[in-house]
Amino acid sequence: MMKRVTPRTLRSSACLALLAVVVLAGCKHPGQSTTALKPTATGAAIVETSGGHQLGSTGTELKDPLIVQVNDEQGTAVAGALVEFQSPAGVTFEPATMLTDASGQATTAVTLGSIAGRYQLAASTAGKSKPVALDIVETALGYQQRVGSILADKYCTRCHDPESSAERVSNYDNLETKPHPFTDSNTLNKMTDADLTAIIQYGGPALHRSALMPPYGKTLTLAEVRALIAYTRALADPPYQPAGTVYAHK
Amino acid sequence: MQFIRKYLSSAWHTLFGDPVRAFGIVSLVLLLALAVTPTKEHFSEWHGYQRNYLSLIRDRGDAVSMRRRFEPGIHQIWMPALGVVDRCTTCHVGLNEASLADEHQQPFRKHPAIPHPVEGFGCVICHGGQGAATTVSEAHFSERDGEAPILPTRYIEAGCGQCHQNEMAGTPQLNLGRTMLTRYGCVRCHSITRPDGSKLMPTDHPPSLIHIADKTSREWIYSWLKDPQAYAATTTMPNYKLSDQDASDISAYLVSSSKPQPGDTAAVDVKTASAGKAGNPAAKPAANPADGASLYGQSYCSSCHAVQNAAGNVVGGNVGPELTRIGNKVKPEWLNAWLNNPRIYDVTTPMPHYRFTPQQIATLSDYLHSKSDADYGANVQLAAATPQQIARGRRLIIDGGCAACHEINGVQTPQNFAPDLSNIGSKPLAQIAFLPGMQHTVSTYIVSKIRQPRAFGGAVKMPQFALSNAQTDALTTALLAQTARSRTIPDTLRVAATADTNYQPAGHAGKLMTELACFSCHRINGRGGDMAPDLTYEGSSVQRQWLTDFLKNPNTLRPSLIRRMPRFNLSDSDNKELTDYMLAVYQTPTVDPDTAPSATNPAQVVEQGRQLFYSKFACQSCHIVDTKTDKGYIGPTLTHVGSRLTPAWTYAWLKDPQALRPGTTEPNQKMSDDDARAVTAFLMSLKGTAGIGAKQ
């Protein structure tokens, strides 16, 4: 979604180039010292260890670092391989280039771009014959979506998220009719904004579903309900496409 | 010379010899001169953007209506009261175009949804930069004459914080930063004034050091000063990067100036019905170390104190100090006295007076002493302090500003020890001493100052804090919100900070509540913590017998809670005193016992309520009424609710939970009066006796 290039954007490429400069000028650019790094080994594969699929606020550093591992053909970790992180404009890595440590891992802090949406990042290493790369997805939440995420944590995830955390015991298993996690875009992408507003405001029965889904219309304001919807939409993978496209291109 | 003159005169003749021709030429020159401005405008940067915008929207489905809304030329949002003259919308033309939400580059992307319209506030109030400028570089990056570049998105919540002094749901970073300014002691050295003139007040509780020698050894103080985080990873005490000599001298002064704790702690009366006079609390050694762990658990010490577990994670609350290596620190006699009654050592401590029995004190004390690390401070050996060392230690304490946080004998609390930060967010760049290679923005300056204060020169006194990047960003955001502009914004736009009241309950009950440190966890009338429920209306809410029993032996209401109410060994008379006080004083007029449903109801009303509970309102999704069938785990268990809550409260709660406890997650189900009465009748029938009201 972030990287779609249409003829329209190509036409205004001059202006975009200028903008890229504008965006980049605001960010510190690590990784200039690439030349100083001398790889002592090459791997055959690069895999994600942790730190992918995180949600963060636009323009801020993700909570957990992104960790990737370089392995050889046998799947054994390779130390001293050069790993390079790449991203669309606006995302920065600290550092952007590095050698894998003794356990074959490269760790970088990711700062998201200032525009909300899904960011496709890549980590690559030289490889034996040709470079190998790994795609990583991170999502930046705008103001409204982040408000939604805070509300969801407070009101909704204890039922909707089957996973328990140290601070929050999930109620999912206790429900006779199972709700869907907000990441379940198969279900949520089929529902229109009006459907979602209805079920959140008036509860399950509004859509002839279970009353175990409580009504929040008197507890949350309409703006808060909209924020919740914006948040669930931001989580959708594949992305939510509203029906009746207003933005159709010729 | 001759030639030039001849040439000029012939040229003159050619151009102006004939009056008609002269008129034509002059007109042409005039026309060209007039064309300069429009041409310049045509080739100006913003005009280019507007042309790009038009070609961007040309192919869109809603191009016609978008073009109709587009106005060519320079746009301006002018709001004299706010000091806003913003021309940003000249290039950012599509900020309000819903269909441009899918645009992935500025300047044409729709502005994300925020509570404030662009037309009402302009742009620079939140984003900074130069609103009146019409070129990209001037608007975004100008540094001329004290102008500052726009705020990086990373700290954008600072924009909100200029007007909003309160905590908002949508600004977690700003909220965290502001909490940290008061919790990490920043405001003990730096003064920070809000636009309304009020000051940020510290919320941390740095210990007084006037009896320090009773509590710990000089060797421990030395190790602690050298590296506080090595003792407790989570401590907020910063590292002053002291030399061995400095740490040795400071510890020498602290120990030599320490005065013995007043009173004979061993003789303190332990107010428990069972134990009577305490005698020497440490007299009976604990029988079984496992007892210590279970007493620690039952007393819910971990609600406030963290401990590092075997996996290396620090688990527990942060109201009190981390206890991972407490055995390395405190002297046994001190610990006994502290557990016996912490208020003797420190009258303002957030720690409750548990009223442990001597046996319990011995058990807990042994358990805590077992939490030690043989390697910690193992090779610290300090020779006896010389008078010179002690004198030098005092000097270092004064120079380092230690007394800004800690009470220290013989050293006065310094005033305005560090620079005032009230306007740091708009500090003119010319006044900042940037380090070589540093980006010239206030945000970079603040971040570097927090991360590596000593990089700005050896004479800098600011210590090194152990902070994560997220914490540093949060602090930076909170500081960037402290701008000169925030002081000129009209009062009507300002949202004041919500300060704690200084509510203090009266009489013996008030004294008990102070001793039990109720306010460390509970909030009452606008004062206190948020770990446990607000008790302002507790008297309207619960029944007498239940409250008495609960204070005696608090069993948890919510199975999913990790932090729970500890058990205090209250005497029966103290228990009655507290119960009476809470029932009489913590009442709300909106819960009217006279119009409420009664506690006992005809069977068919109860049955009707039961059905509503299970079908229409599906309360079992969060609550348990019948432990055999219900599993809801979010709200409190309701198996005994008929003996806990008053019918009046239950009814009012069902009608509108948020009216009684703002922010509660219980959804308002819009119950009709009749439904609420029936559900109340059902709930009141649940007295904990098996079977009654349960689902078949």
Side-chain angles (χ1 to χ4, degrees), chain A residues 2 4 8-9 11-12 15-16 18-19 22-23 25-28 57-61 63 109 111 113-117 142-144 146-147 150-151 154-155 158-159 166-171 173-175 203-204 210-212 214-219 223 226-227 230 245-250, chain B residues 48-49 52 55-56 58-62 98-100 102 104-109 112-115 136 140-141 149-150 152-157 169-170 172-173 315 439 444 469-470 473 559-560 562 615-618 620-622 630-634 656-658 663 665-670:
Chain A
M2 293 301 300
R4 196 183 57 209
R8 162 173 60 78
T9 48
R11 232 174 285 142
S12 48
C15 119
L16 291 189
L18 215 149
L19 278 163
V22 171
V23 173
C27 316
K28 203 162 55 215
S57 301
T58 46
T60 64
E61 185 175 312
K63 190 166 151 280
T111 301
S114 47
I115 285 180
Y143 172 80
Q144 191 190 28
R146 197 183 44 213
V147 171
I150 294 164
L151 291 168
K154 178 170 176 191
Y155 293 97
R158 278 195 291 189
C159 284
E167 291 286 309
R168 169 172 56 77
V169 182
S170 173
N171 193 41
D173 289 341
N174 303 326
L175 297 169
S210 163
L212 291 173
Y216 285 95
K218 278 203 92 179
T219 311
R226 290 207 177 116
T245 42
V246 199
Y247 332 130
H249 312 303
K250 278 188 208 140
Chain B
Y49 280 111
N52 286 339
S55 67
L56 168 78
R58 190 166 52 215
D59 296 340
R60 296 201 160 232
D62 50 352
S99 81
L100 290 176
D102 67 342
H104 298 304
Q105 299 277 13
Q106 281 300 8
F108 303 135
R109 186 180 155 91
I114 55 163
V136 172
H140 295 185
F141 309 119
I150 56 171
T153 322
R154 196 175 183 120
Y155 313 111
I156 193 67
E157 287 172 19
Q173 196 185 35
V315 186
Q439 206 190 19
T444 333
N469 284 358
D473 284 351
S560 64
I562 292 157
S615 58
K616 183 166 178 189
F617 300 116
Q620 76 277 19
S621 61
C622 296
D630 307 341
K631 291 181 282 187
Y633 226 55
I634 296 182
D656 188 352
Q658 281 74 26
T665 53
E666 162 112 36
N668 179 333
Q669 300 247 26
K670 283 186 257 186

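Just so it is clear, the structure is predicted and the values come from calculations on it, not from any experiment. Note on naming: letters A, B, ... go to the chains in the order of the sequence lines (proteins, then strands), and numbering restarts at 1 for each one.
- P172(B) has its side chain within reach of R146(A): a pair of non-hydrogen atoms, C-beta onward, lies under 4.5 Å apart.
- The heavy-atom pair separating G59(A) from T153(B) by the smallest distance is CA-CB, 4.0 Å.
- With a 4.5 Å cut-off on non-hydrogen atoms, Q669(B) touches chain A through its backbone and its side chain both.
- The choice from P657(B), A169(B), P112(B), A113(B) that makes the most heavy-atom pairs within less than 4.5 Å of chain A is A113(B).
- For the pair N171(A) (side chain) and Y633(B) (backbone), a donor-acceptor distance under 3.5 Å is present.
- Here NE2 of H104(B) is found 8.5 Å from CD1 of I115(A). Values are rounded to the nearest 0.5 Å.
- Interface summary for chain B: among K63(A), R226(A), E61(A), the most heavy-atom pairs under 4.5 angstrom belong to E61(A).
- Among K154(A), K218(A), Q144(A), the residue with the largest count of heavy-atom pairs under 4.5 Å with chain B is K218(A).
- Minimum heavy-atom separation, P667(B) to P215(A): CB-O, 3.4 Å.
- Contact detail for V147(A) and G170(B): the closest heavy-atom pair is CG2-CA, 3.7 Å.
- With rounding to the nearest 0.5 Å, the separation of OH in Y216(A) from OG1 in T665(B) is 7.0 Å.
- For the pair P115(B) and Y143(A), the minimum side-chain heavy-atom distance is below 4.5 Å.
- Although no hydrogens or angles enter the test, the distance criterion places a donor-acceptor pair under 3.5 Å between the side chain of T219(A) and the main chain of N668(B).
- Contact tally against chain B (heavy-atom pairs below 4.5 Å) for L151(A), T111(A), L212(A), I150(A): the top residue is L212(A).
- At a 4.5 Å heavy-atom cutoff, Y155(B) makes no contact with chain A through either its backbone or its side chain.
- With a threshold of 4.5 angstrom between heavy atoms, A470(B) does not approach chain A through any atom at all.
- For a residue to count as touching a neighbouring chain, one of its non-hydrogen atoms must lie under 4.5 Å from one of that chain's; by this rule L175(A) touches chain B with the side chain only.
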